[in-house]
Amino acid sequence: MKIRLLNQLIIRFFVVLFWLISSAQAEEVFFDDEVNHIDLLQKITWLQTDRYVQLSDVQGLDNWQQNAMPNKLKEDKSLWGTIDLYRSISSDEPFVFKIGNPLLDYVDVYLLDDKNRILSSYLMGAKREFSKRPIEHRLFMVPIDPRQPVIKVFFKVRDDGPIVFPVTLNKQSNLIVNEQLLLLATGFVCGGLALLGGYFFATYIFLRSPVRYWFAVSNAVFFLFFLNIKGMLGQFTGFTTYISNINAALFGVLLITIAKVTFSILEVVPTIWRHSFYALGFVTVAMAFSADTNSQIIFAVLMSALSCLIILIMAFIYNKSDKKVANLACLSGLSLIAISGFTRVSMYLATVPIFESVSFVFTVFIILGMILIALSIEAHERVIIKRHHLKQQTAITDLHHYYDFFQNSAEGLYASKVDGQLVSVNPAMCSLFGYKNPKEMLLQVNNADEFYADSSDRELILGEIHKNGKVIGKEIQGIRKDGSEFWFSISGQIKEQNDERYLFGSIFDVTARKQSNMSLKYLASHDSLTGVFNRREFDTRLQSALHQAKSHNTDLTLLYLDLEQIKQVNDTCGHKAGDLLIKQLSLKLGSVVSDKGMFARVGGDEFAVLLEGDEAPMAYLLANELLNVVREFRFTWENKVFTLGVSVGQAPWQPNISTPEELMSMADSACFMAKKKGRNHIHTFSADDKHMQRYDKELSWVSKINEALQNEQFELYYQHYLPLSKKNIGHQYELLLRMTQLDGKAILPEAFLPAAERYSLSAKIDRWVIEYYFNWLTKHPEHLDELTQVSINLSGHSIGDKELKLFILNAFEKHSIPYHKVSFEITESMAIVRMEETIEFINTFQKLGCVFALDDFGSGITSYNYLKSLPIDQVKINGSLVKNILVDPIDLAMVNSIHDITKALGMETVAKFVESTEVMVALGKAGIDFAQGYGIAKPMPLLEFKKY
C-alpha cells in the first residue's frame, strides 16, 4: 500500500514538472481506469495554418486558441488541434483516441511524450488507404500506450466539407461494448430496410406493380446510403477515396426513386412535372463529380427542399378523393424523412458534432417515414384493386350490352383473325350468307376469303386498312353458301386484344341499290361507258374459247383495235367529248360485229373482237369493215370536226397457244406492227414474219414466265454493297432475280424482264419477289435482326399498279417487316415516264419509313432535270460511268458531278460495276457513299447467305 502511494506521488510530481516546463499551451486532461469515455472537443486548442505546415513548425507557436474550430477550411489551409493527456494511475488498461467523422479527407495524428519526442504518428483519412489505419475501423482511432503517464496529442485535419467531428477518449473495453451495441442497432436498421425492400421486390415479381419495384429500389439505395454515410461501406470494402461523391450520387438516385414512388401514388401528375422532378435528381447525381464536398451537401439540401415543395404542391393539386388515406400516409412519411434529414444536415452544416447514438435516432425516424410510405403503397394498391374490380364489373355490364347489340343487330357483324380465321359471327351475318346459325357458319367457313367472289379482294381490303387504319363502306361482290353472288358494303378495322390482332367488320347487303341502275350480271361484265363487254368478261370468254378450241380443234381468231387521235380530242375539247366519241364509235363498231363474235373494250381507246368457229376464217374481212367504219366516222363537237384512225392486229389461234395472255400478246404485237406501217392498217401475226420474230421470242418468254411463277422456278440472289465513308454495320445488299431452268442453269433477268414488262407480267413477278423474300425473313428472324438494308427492284409498270401497292402494304404488316430496313429501287427511265404515279408511290411508303433509290442514274441527258422532282433518298450511278473512271477523265468528272448534285439535295450515292480495289479507292476519294460490284462481292443465292 505504501509503495503504491509512493508511485502516485512520483507520477504527480512529474506531471506538475512537465506542465511547468512545457512550452505548449494545450489544456490537460486527466484520466484513470475509472473513466470510460471523455469528450475532448471542448478541451482542445486549435490553430489554422497553411496546408503543408509540419508538426515541428506548429509546436513552438503560441497563437493556439480554444473554441476556435472553423465551419469550413479554405482549400490551402489545415486545422491543427492539440491536447495533453495525463494518466493519473499507471495500469495496463488501454485507451483509444477517436475522431468520429468518417468523411474527413485527411487526418494526421501524432503522439508525443513529455519530452516532445514523437512516440507514434498515423496518416489516415477517407482519401488514404484504409489498410494503413492503426485500427481497421470506419472512424479514425489511435491506440494510447498505457505505459505512458503523459501523452501530448497533435492532429491535423484537411477537408473540403463542413469541419464537424466529435473527439473522444475511450477505454478500449468500453469502446468494444459500445461498438457491439452500435452494430446491433445498425443490424436493426439494415435488417428493417432489407426486409422492406425484399418484401416489396418479391411482391413486385408476382404483381408487376411499378410502385413496388421503385420502393424496393429506394430501400436498397437508402441501405447503401446509410452504410456509406456511417463509413461502414468503406470499412467493408476498404475503399474510402470517393465516399463523399458516392453519398451525393446515392442521394440523387434516392430523390429519383422516391419521386417514382410518390408520383405513382399520386397517379395523375403531368409528365412535365415528373420530368422536372427527375431532372433535380439527375442534376444531384451529376454534382457527385464535383470536387467540393461542401457544395455537394448544400446543393443536395437545396434540391431536396425543392423536391419536397414540388411534391407538396402536386399532392394538393392532383389529389383523388378515393386515395386520401394513401396520400396522407405518403405525405406523412415524406415529411418525417424530410424533417429528420434536414435537422441532421443542418446540425452538420452548423458544425454541431453528432454522436452516433443521436445519429441513429434520426435514422430511426427516417425508417418510420419509409414504413409510412410502405403503408401508403398498400393503401394505394387496395384502391387500384378496387378500381379494377369496378372496371371489370363495368366491362362485364358493357359486354352484356354489346352481346345484346351483337345478337340483335340488323347488320352482319363478325370478327376474324388477320389471317382470315373466323372467330365470331352474329345471326344477321349468317342470314346474309345463307347459313342457319352462327355455329353452322363457323364450322363450314374455313376462312373469311370465302365471303368474296374474288378472294384477292380481301387482300386489297387489308392493304387499305393497313394504309388508312380502317375501311368504311367498301363495296365488294360476295358469294353466298348456295353459290349465288351479291353485293355488300363492308366496314372494318384491326384491333389488338390479348396480344392477338383481330379484324372486326360489319357487312350489309347493297344488291338492291346496285340493281336499281343495272343488273348485277350486267355490271360485272359490261363497260359502264360504252355498254359493250369489259376486259374482265372478255378474258373469261377468251379463256373458255381457248379451252373449246383446244378440246374440239375449232378455229379461233382475235382482233385487237387501237384507236388513234382520241388524245387530240381529249386535249382539245375535254374528256367529256372524248367519252362521247368513244361511246358513239363503239356503238357503230358493235353493230358491225353484231352476233358474229364478241366485241369488248379492253382499254381506254383499245377494243378487241373474239371470233370462234366458222366466223374465225372471216376475221380479215371483218377487220376491213371495222377499219372502214373508223375511216368514215366523223365526230363533231362545238363546230369542230375530227377524223380518227385505227390499227388492227389479227392473231389466229394455233395449237401451241395455251393461255389467253399468249394470244392477246400476239394480237397486240400484230397491232403494233400495223401502227408502224401508218394509220388504218391491218397486220396478221405470223411466226415466219421477220418483223414478228422479236415478238415471237418475247411470247416464248411469256410462257416461260407464267410457268416459272406457277412452278417456283424463280430464285433470289443477293449482292453485298459496302459503305465507303463509314463502318459496315449489319447486312446491306441488293436482291437479284434469276430464272432457274430444268438443268439448273440460272437465266439473268435481262433475258426475260423486257417481255414481262411489255406483256404486263412484271407486277406478278414483283409480287412473287416480295412475298417470297418477306416469308424468308420471317423464317430467319436472326437475319432480320442483323439486316440493315435490303434493296428490292420494282418494275416501272408496277409503280402504277394500285393493287400491287396495297399488296405490298399488306405484306409488310402480315410479316411484321420493319419499313426502314427496305429500300425500293426504280429505274430512271421509268420514273421519268410515270412521274406522277412514281411520286405518289414513293410518298406512300416513304412516310412509313422505306428508302427509295433511283437506279442507273446518268444514263440519260435529262437526268439532272428530273432529279429535284423525285423525293428519293439514294442515287445509283450507272455502271458505264463507273468502270472506266481510272482511265477516262470525262467519266470521273461526271461521277464527281453526280456526287456534288446529290449531296446538295441531301441524297446518298451508290456506285455500281465496282470491279477492283483501285476503282473503290477512287470512288471513296470522290465522296461516294457506297460501292457495289464484283470487286466487292459477287451475286450469290439467298439460300446460301454468308456475312460480308
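Not measured: the values here are computed from a predicted model.
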Using distance alone, with no hydrogens and no angle criterion, decide if N810 and H466 have a side-chain donor and acceptor under 3.5 Å apart.
-> yes
Determine whether L737 and L716 make a side-chain contact, defined as any pair of heavy atoms from C-beta on separated by less than 4.5 Å.
-> yes
Does the side chain of D527 pick up a donor-acceptor pair with the side chain of T530 at under 3.5 Å?
-> yes
Closest non-hydrogen contact found for P660 with L546 is N-CD1, 3.3 Å
Between the side chain of N843 and the main-chain N/O of I839, is any donor-acceptor distance below 3.5 Å?
-> yes
Would you please test I872 and V851 for side chain to side chain contact (heavy atoms under 4.5 Å, CB included) and show each step?
-> CA-CA 7 Å; I872 59 172; V851 175; over 6 Å; no
Audit row: V875, E908, side chain to side chain contact (heavy atoms under 4.5 Å, CB included) steps and yes/no | CA-CA 6 Å; V875 167; E908 293 181 330; over 6 Å; no
Any donor-acceptor N/O pair, S491 side chain to G473 backbone, under 3.5 Å | yes
Work out which heavy atom in M666 is nearest to a heavy atom in P652; give both atom names and the distance.
-> CE-O, 3.9 Å
SB check E771 K814 (cutoff 4.0 Å) = yes
If you draw a 6.0 Å radius around CG in D614, do more than 12 non-hydrogen atoms from other residues or ligands fall strictly inside?
-> no
Could you walk me through whether L627 and R631 pass the side chain to side chain contact (heavy atoms under 4.5 Å, CB included) check?
-> CA-CA 6 Å; L627 188 147; R631 184 186 292 137; 2.6 Å; yes
Parallel, tilted or perpendicular: rings of F824 and F812 (30°, 60°) | perpendicular
Heavy-atom check, side chain of R601 versus side chain of I582, under 4.5 Å = yes
Between the main-chain N or O of Q713 and the side-chain N or O of N711, is there a donor-acceptor pair closer than 3.5 Å?
-> no
Would K883 and D891 satisfy salt bridge (Lys or Arg N to Asp or Glu O under 4.0 Å), going step by step from the backbone distance to the final call?
-> CA-CA 9 Å; K883 60 184 179 181; D891 285 349; over 6 Å; no
Under the 6.0 Å and 45° cation-pi test, does R458 pair with Y452?
-> no
Do E734 and N793 meet the criterion of a side-chain donor-acceptor pair at a distance under 3.5 Å?
-> yes
Can you name the nearest heavy-atom pair linking L870 to M907, along with the distance?
-> O-CE, 4.0 Å
State, without any angle test, whether H547 and Q543 hold a side-chain donor-acceptor pair at a distance under 3.5 Å.
-> no
Short question: side chain of S897, backbone of A893 - any donor-acceptor pair under 3.5 Å?
-> no
Salt-bridge criterion met for K474 and D457 (N-O under 4.0 Å) = no
Whether over 12 other heavy atoms sit under 6.0 Å from E803 CD = no
Scanning both residues in full, the closest heavy-atom pair of N680 with G645 reads OD1-CA, 3.3 Å
Going by atom type alone, with no hydrogens or angles, which donor-acceptor pairs under 3.5 Å involve a side-chain atom of residues 556-564 and a protein atom two or more places apart or on another chain?
unit_1	atom_1	unit_2	atom_2	d
T557	OG1	A616	O	3.3
Y560	OH	E606	OE1	3.0
D562	OD2	K675	NZ	2.4
E564	OE2	S647	OG	2.8

Just wondering, do V648 and L626 contact through their side chains at under 4.5 Å, heavy atoms?
-> no
Decide yes or no for M598 and F533: does some side-chain heavy atom of the first lie under 4.5 Å from some side-chain heavy atom of the second?
-> yes
D579 CG to Q584 CD distance, which is reported to the nearest 0.5 Å | 11.5 Å
Could you check if a side-chain atom of H526 sits within less than 4.5 angstrom of a side-chain atom of N534, using non-hydrogen atoms only?
-> no
Positive for side-chain contact (heavy atoms from CB on, under 4.5 Å) with T902, one of I898, D900, L905 = I898
To the nearest 0.5 angstrom, please state how far the CD1 atom of I799 sits from the CD1 atom of I842.
-> 7.0 Å
I705 side, atom CD1; L709 side, atom CG - distance, nearest 0.5 Å | 7.5 Å
Here the ring-ring contact (aromatic ring centres under 6.0 Å, His included) pairs for residues 615-643, sequence neighbours left out, are none
Test E450 against I479 for side chain to side chain contact (heavy atoms under 4.5 Å, CB included), laying out the working first.
-> CA-CA 7 Å; E450 297 177 29; I479 187 167; 5.9 Å; no
Heavy-atom side-chain proximity of Y819 to Q846 below 4.5 angstrom = no
Going by heavy atoms in the side chains, are I461 and E464 under 4.5 Å from each other?
-> no
First locate atom CG of L644, then atom CD of Q568, and finally report the distance between them rounded to the nearest 0.5 Å.
-> 9.0 Å
Of all heavy-atom pairs between S795 and D766, which one has the smallest distance, and what is that distance?
-> N-OD2, 3.1 Å
Which is it for D509 and R480 under the salt bridge (Lys or Arg N to Asp or Glu O under 4.0 Å) test, yes or no, and what are the steps along the way?
-> CA-CA 12 Å; D509 194 343; R480 294 190 176 93; 3.3 Å; yes
Using the salt bridge (Lys or Arg N to Asp or Glu O under 4.0 Å) rule, collect all pairs that involve residues 528-554, keeping only residues at least two apart or in two chains.
-> R535-D539, E537-R541
Assign the ring pair F852 / F845 to parallel, tilted or perpendicular, where the plane angle (0 to 90°) is split at 30° and 60°.
-> tilted
So, E662 and N706: side-chain donor and acceptor under 3.5 Å apart, yes or no?
-> no
K805/E840 salt bridge by N-O under 4.0 Å criterion = yes
Within the side chain of N878, is there an N or O that forms a donor-acceptor pair under 3.5 Å with the backbone of S880?
-> yes
In chain order, what residues pass the ring-ring contact (aromatic ring centres under 6.0 Å, His included) check against W768, with sequence neighbours excluded?
-> F714, Y772
Which distance, rounded to the nearest 0.5 Å, do you find between the CD of E612 and the CG of D555?
-> 10.5 Å
Among residues two or more places apart or on two chains, list those pairs meeting ring-ring contact (aromatic ring centres under 6.0 Å, His included) that have a residue in residues 591-616.
-> F599-F607
Please table the atom pairs, donor to acceptor, closer than 3.5 Å between any side-chain atom in residues 590-597 and protein atoms at least two apart or in another chain.
unit_1	atom_1	unit_2	atom_2	d
S591	OG	L587	O	3.4
S591	OG	K588	O	2.6

Are any of the side-chain heavy atoms of F451 and D449 separated by less than 4.5 Å?
-> no
Between the side chain of T572 and the main-chain N/O of V569, is any donor-acceptor distance below 3.5 Å?
-> no
Interatomic distance, D873 atom CG to S823 atom OG [nearest 0.5 angstrom] = 7.5 Å
What are the two closest non-hydrogen atoms of I765 and A756, and how far apart are they?
-> CD1-CB, 3.7 Å
